[in-house]
Structure formats: C-alpha cells, structure tokens
Amino acid sequence: MFGQLPQQLEIGFPPSAEMGHFAVGCFPLAKQFHKSPAEIAQLIADRLKPDTVIEQVTAAGPYVNLKIDSEVLFGDLCRRIIHQDAAYGTSDAGRDKRVMVEYLAPNTNKPLHLGHLRNGALGMAVSSMFEATGHRVVKANLVNDRGVHICKSMLAWQRWGNGTTPESEGIKGDHFVGNYYVRYSRETEKDHRLEDEVQQMLQQWEAGDPQTVKLWKMMNGWVYDGFTATYRRFGLEFDVFYYESDTYKLGKDVIQQGIENKVFSTDSNGNTVFVLPEEAFGRDKSAELKKVTVLRPDGTSLYISQDIGTAILKINDHNLDYSIYVVGSEQEYHFKCLFLILEALGYAWARNCYHLSYGMVYLPEGKMKSREGKIVDADDLLTEMIKLAEAEIRQRDPEGRLSENEIKNRSEVIGVGAVKFYLLRVRPAQSINFDPAESISFDGFTGPYCQYAYARICGILEKTHWPRQADADVDYSLLGNMEELQLLQQLSRLPGELKKAVEDFNPSKIAVYIFNTAKAFNQFYNKHPVLKAENEQLVNARLGLIRATAVVLKKGLNLIGVEVLENM
RNA sequence: GCGCCUGUAGCUCAGCUGGAUAGAGCAACGGACUUCUAAUCCGUAGGCCGCAGGUUCGAAUCCUGCCAGGCGUACCA
C-alpha cells in the first residue's frame, strides 16, 4: 500500500479518524533533505496522486494523512480477522524457543492471598502471551513445602488439633492448616519455648524421622487439595511442579566447583561468599564491596544456594532458551545476584533469565501481613466477587429464566474475570493500592465491561445467520463513519500490542488495548444500528465488522486469562 | 550511605525506545432506555506531567541535580 513511500517512515494514526486513516510523520526525512518536516509533508501530498486505493492525501503540519478506500480498508482487515479467528494477532516470532514461566511459589502453611492472585494472573497472562508469539511455554510452580514455617503449622496441629481434619471440620484444607499457623503465632507470644520445639521438629524432618515426615505429608496433602481447588477456580495451570523439599539441597556441588574455580571466596566468618561488582551494587555502609553468602560455615545452604541449583535443574530438565521468574519486586536484589552468580559460574544462559518483578498489593491499612491476619484471602475475595456478579445477574433476570447452573457459570466467569482484570490492568512495576470499592466495580475500566461488549455482539450475531451471504460478497465499502473507523483502527492494533506486551513482559498493554476496543465498539453500538441498518448490504458489512470485533475481544481477553460469555 | 522502583486531573492509572491541542476510568454535575443487552452511551467540569537546570527544531518522555514515598541492602525465604 505504501510502496511508494520511503521505508524508514513509520505509519501511525492521526489523532482523529476524520483527518485520515493513516498518518505518516515526515521527521526522518527532514535531515536527509534539509527541509522542515512540514515542507516535506506538503511536497509529498502534492506529488502523491490519489488512486483506487488511496483516496486522499493531505498534508497536516509535519504529517501526511492518507484516506484509504473503504472496501480495501475494512474488507482486508475484517476478512482476515474472521478467517484467522483465534490466530489473529499471533505470530511465530518465538518459534522453537522454549521458555519456562515460574510463578506462584506458594508456601504450604497457609492459604493463598491477594498477592498470590496478582502473581498467578501475571504468570498465566505472560504464559499465554508467549505462547501466542510461538514460544513453547512450560509453566512451573516451585512449591515452598518445607522449612520452619511449615513446622509451625504442624506443631500447632499436633498440639491443639485433636486429630481433626479438613473433612471432619468441613474446612478447605489450606485454610484448615493456615488456622494452625495463626494459632502457633498466637501461642508463641505467650510461650516462647514453642520456638525451640519448632526448630526441633525441623531437625527431625531433615533427619527423615518417619513420624514427622508422615505428619508433614498429611498436612501438605490437605493444603494441596485446597490449592488445587483455588487454582482451578482462578484458572491457574502448571505443567510442572518443583518442590523445595526435593531441591533445597541442590546447588552445593556447583558452589563447590565455583570455589575451586575461584568464583567464590571465604570471608572472615567462614562463609562462602560471592563478591558483587561495585559498578552494579556500590559499596556497603563500611565502604566494603558487597557480598552475598552462598554457603554457611557449616556447609548448609541458603535460599540463593538452592536457587542456583534449581535454575540449573530447570534448564537441564526442559532444555530452556529462556527462564522467567514471576516474583515480587522485593526480591529484585536476590535475582540480580542470582543471575550474576550463574553467569560467573560460566552459564551463558544466565543472560536469558528474567525476573518479572511486580509491585506489592497494599491494603488500605498497609501491607498484607499473614501473621496478623491482615490479608485479603484469595478464596474470600473470589467468593465475594462471584457473589456480587451473581446479584447483578439475578437483578437482570427478574423473571428467573436462567437456570441455577447458568447463573453459577456466569457469576464465576464475571467475578473471576473482574479480579484478574483489576490485577492486570496496571503495569507490573506499579504497586497496587487495593481499593475494595473499586476492585468490585463492574463499570468502566473493568473485565466485565469488556466481557459485556463481547456478549452484546454475540447477542446480535445470534439473531442472524452470519454470513448472510458469502463473505467475499460483503460490500465493505459501505462502512466509513467515524465510529466504524475508530473501531476498525482498534482492531488493526492487536498484533502490535501483543508484540509490545511480550517485549515488555507487560500484560497490562493487552488489558488497556481490550478496554479501548470494547469502548470503541460500545460507541459504535450506541450510535449505529447493525441489524436495522438502512439496507441489507450495510447490515452485512456491519455484521462483518462486529464479527471481527468479537474475535479480537475474545482473543485479547483470553490472552490475559479472562473468559468470555455469549450472554450476560 | 548504596541499589532498584514510583511521583501525570479530587482518587486510581495510561502515555515514558522524544513528535499533531497530555488521555482513560472512578467520583461530581447534566442528559439519552416504546429502538440489535443502559454492566451502555453523550455532554460539562477538572492538569506549572514532583521541583530546578540541560540536550533538541520539538521534552510528561532523554541527561544531571534536588525533593517526596515505597522496596531492598548478604549470614530469613
């Protein structure tokens, strides 16, 4: 279409569709021809003669705005979208590349909370985005199933559980265990000797004491039952689980090798340490180079030692090209060190490890603290949202036409979609101030708003037989009003937005894009009838346009893990 | 002290690889349902883009300094 224009020029959109369908900024040519961008734009506009495709060329300041023949403009894109369907916007840019997305990493001593939901929503969205760009994605969950915190719940249950189980009490397993974690925290304030007992239990666990291991397995089993239910409800999927109980001793061999190769050194306390480069880390309070300990003097490992081992394990297990860690921003320092150490150890792939860091979720009262019970529980929040959605659905169905099953299904899709969208609509680096009132809203920049636009389209398509005639015979040249143009322009953006979202590891780009697309549709919908358009030809053309819109909305929402409904 | 992140409308945020008059949502006010789903749409109002310099034809965007908030700063995970 623009073969006649120099290639370095970028094609964008004018601020208003009235000005033209495409805009070409002439800035790059200014230097080359020693003329102002505006002069060049005028020159091009004068030279470029309209033809069958390009209907009008106008210079507007430094831009050349082009108007394109409607049949080409609309027909091209709508036909392509409808034809490609779910493949629209995808690419094979990452073909043959294997990428692991590690996310969630829950502890098995308490239920999931709002922070986990943000992590999970991000993990799933990023995975989908990478899949949509042709990557082979392995979704991994590194379960933190051992350690002193797990023993706390275990000890409390042993002491005060009286042999009860989640079944006997009718409580979801993870919540059941979490209650004992809270119980431990309460009791230990009164009786500090419990702390010694917990340490003892941890030692017994590490020694493989059968009783302790049995208790551990049983209680973790309860937690997994609970987690599995929440995963299913929130739409979290994993291809592989790593358990810290299997991996916590990893890394020692590599570190030993690193010592021999002088990657690590020993400090005055006998710790095995890695000295951090000054350029990236500066110096500490006493003006010394900063260090990170990778082994204690007694040879026991630390968080980072395990992570070194696990990183290598993951690469070897799955032959990865990229390894992504979805972990909160408070661990940026840790991952910076980890990747640096891996590189120092000679692993070239360390450069292909990424920490997808995301900001905290703050509550109105402050940061979430599980021990103080000041958290937003994941299950509670989802239940609450689903209930609100249900109330809305029932209000819209006063005659009670919907089956209970249908109401349940819709409530879940809407409620869960609202939570995911709320957590994904801001970029990951941004911390979220969790506003309960705003989070439960279904109006405006929300998931349900986007789902609603999709459902409205389905409502129209349901009432007709699409295509009413052969797709090729639809006369798209009839389209071209402002709302149609703006909607079309939005539809054309998906591939580019997906590409940017993947490059930045930023699902919020998709969320924003989908919202804008839904809005463009609603604006069109409110102003122009589809089925009752002036004539049959126009009806068909508009049906094509909204059919394409439905494809884009569904695709975009699915990319960020939000499901769609044909009726709302 | 050092490192990273953040600062844009009353509130929550887009925009940040420099380009057309800085955009949305919420909240406020006013309008549109005998018309394909009003979970919608239209309108009004609301901005020294933290501050000060610099680079540039052009800066919310890049650079420097400062101010404010958050996170982290090995021997917890």
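To find a chain, count down the sequence lines: A is the first, B the second, and so on, and within it residues start at 1.
- Distance, Lys519(A) NZ to A14(B) P: 16 Å, rounded to whole Å.
- The CZ atom of Phe335(A) sits 9.5 Å away from the OG atom of Ser357(A) when rounded to the nearest 0.5 Å.
- Within 4.0 Å (heavy atoms only), Ala453(A) reaches no atom of the nucleic acid at all.
- Between Arg456(A) and U40(B) there is no side-chain polar atom (N or O) within less than 4.0 angstrom of OP1 or OP2.
- Side-chain polar atoms of Gln331(A) and Tyr303(A) form a donor-acceptor pair below 3.5 angstrom.
- You'll find that the side chain of Asn433(A) is closest to U12(B), out of U12(B), G15(B), C41(B).
- In this structure, His355(A) reaches neither bases nor backbone, as no heavy-atom distance under 4.0 Å exists between it and the strands shown.
- A cation-pi arrangement, defined by a distance under 6.0 Å to the six-membered ring centre and an angle within 45 degrees of its axis, is absent between Lys519(A) and Tyr449(A).
- Atom name C1', nucleotides C49(B) and A38(B): the rounded distance is 35 Å, in whole Å.
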Nucleotides 1-7 of chain B: which of its N/O atoms have a protein N/O under 3.5 Å away?
unit_1, atom_1, unit_2, atom_2, d
C2(B), O2', Phe281(A), O, 3.2
C2(B), O2, Lys290(A), NZ, 3.4
G3(B), O2', Lys336(A), NZ, 3.1
C4(B), O2', Glu332(A), OE1, 2.6
U6(B), OP1, Arg427(A), NH2, 3.3

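- Going from the P atom of A39(B) to that of C4(B) covers 49 Å, rounded to whole Å.
- Asn516(A) comes within contact range of no nucleotide atom at all, as no heavy-atom separation falls under 4.0 Å.
- G72(B) and A77(B) have their C1' atoms separated by 14 Å, with the value rounded to a whole Å.
- Base contact: Ile393(A) has a heavy atom under 4.0 Å from a base atom.
- A salt bridge links Arg146(A) to Glu206(A): one of the charged nitrogens lies within less than 4.0 Å of a carboxylate oxygen.
- Paired runs in RNA chain B that reach 3 or more consecutive Watson-Crick or G-U pairs, where each pair keeps both distances under 3.5 Å, cover B:1-7 with B:67-73, B:10-13 with B:23-26, B:28-32 with B:40-44, B:50-54 with B:62-66.
- The shortest non-hydrogen separation linking Leu250(A) to Gly309(A) is CB-CA, 3.9 Å.
- Distances were taken from every side-chain heavy atom of Tyr362(A) (C-beta onward) to each of C13(B), C41(B), C71(B); the shortest belongs to C71(B).
- The side chain of Pro448(A) approaches A39(B) more closely than any other nucleotide in the set C71(B), A39(B), A24(B).
- The base of A14(B) lies outside donor-acceptor range of the side chain of Arg425(A), with no N or O pair under 3.5 Å.
- Nucleotides U73(B) and C26(B), compared at atom P, are 40 Å apart to the nearest Å.
- Following rounding to the nearest Å, Arg493(A) (CZ) and A14(B) (C1') show an atom-to-atom distance of 13 Å.
- Between the P atom of A74(B) and the CZ atom of Phe335(A) lies a distance of 17 Å, rounded to the nearest Å.
- For the pair Gln523(A) CD and A38(B) C1', the computed distance is 15 Å after rounding to whole Å.
- Rounded to an integer number of Å, the gap from Lys527(A) NZ to C33(B) P is 17 Å.
- Contacts of Glu392(A) with the nucleic acid, taken as non-hydrogen atoms under 4.0 Å apart, include base atoms.
- Of the candidate nucleotides C36(B), C13(B), U12(B), C36(B) has the atom nearest to the side chain of Lys463(A).
- Close to G15(B), at under 4.0 Å from its OP1 or OP2, lies a side-chain N or O of Lys509(A).
- With respect to the salt-bridge test (charged N to carboxylate O, under 4.0 angstrom), the residues Glu390(A) and Lys408(A) do not qualify.
- Using a 4.0 Å heavy-atom distance criterion, Glu566(A) is classed as a base contact.
- A32(B) atom C1' lies 9 Å from atom CG of Asn526(A), rounded to whole Å.
- Distance check on atom C1': C29(B) versus C71(B) gives 41 Å, rounded to whole Å.
- Leu302(A) comes within 4.0 angstrom of sugar-phosphate atoms only, judged by non-hydrogen atoms across all strands, and of no base.
- Between the C1' atom of A38(B) and the OH atom of Tyr452(A) lies a distance of 6 Å, rounded to the nearest Å.
- Ion pairing of Glu406(A) with Arg410(A) is present here, as a side-chain N (NZ or NE/NH1/NH2) and a carboxylate O approach within less than 4.0 Å.
- Glu244(A) comes within 4.0 angstrom of sugar-phosphate atoms only, judged by non-hydrogen atoms across all strands, and of no base.
- Rounded to an integer number of Å, the gap from CD of Glu438(A) to P of A39(B) is 20 Å.
- Counting non-hydrogen atoms under 4.0 angstrom, Val530(A) reaches a base of the nucleic acid.
- In this structure, Asn65(A) reaches the bases: a heavy-atom distance under 4.0 Å links it to at least one base atom across the strands shown.
- Heavy atoms of Phe515(A) sit under 4.0 angstrom from primed sugar atoms or phosphate atoms, though from no base atom.
- Between the side chains of Ser245(A) and Asp145(A), at least one donor-acceptor pair of N or O atoms lies under 3.5 Å.
- In Lys499(A), the NZ atom is not crowded: 12 or fewer heavy atoms of neighbouring residues, nucleotides or ligands sit closer than 6.0 Å.
- Counting non-hydrogen atoms under 4.0 angstrom, Tyr303(A) reaches a base of the nucleic acid.
- Remark: the separation of the C1' atoms in C62(B) and G25(B) is 30 Å, to the nearest Å.
- Salt bridge annotation for Lys500(A)-Glu497(A): present, with a cationic side-chain nitrogen under 4.0 angstrom from a carboxylate oxygen.
- Phosphate contact (OP1/OP2 of C26(B), side-chain N/O of Tyr449(A), threshold under 4.0 Å): absent.
- Distance check on atom P: C48(B) versus U8(B) gives 11 Å, rounded to whole Å.
- Picking from C42(B), C71(B), U40(B) the nucleotide with the shortest atom distance to the side chain of Glu330(A) gives C71(B).
- By the 6.0 Å and 45° rule, Arg425(A) stacks over the aromatic ring of Phe445(A).
- Under 4.0 Å is where a charged nitrogen must lie from a carboxylate oxygen, and between Lys110(A) and Asp174(A) no such pair does.
- Judged by closest nucleotide on RNA chain B, Phe524(A) is the one of Asn107(A) and Phe524(A) placed further toward the 5' end.
- Residue side chain Asn271(A) reaches the base of C75(B) through a donor-acceptor N/O pair under 3.5 Å, judged by distance alone.
- Side-chain proximity of Asn522(A) to A14(B), A20(B), U40(B): nearest is U40(B).
- Around NZ of Lys554(A), the count of heavy atoms belonging to other residues, nucleotides or ligands within 6.0 Å does not exceed 12.
- Going from the C1' atom of G31(B) to that of G18(B) covers 41 Å, rounded to whole Å.
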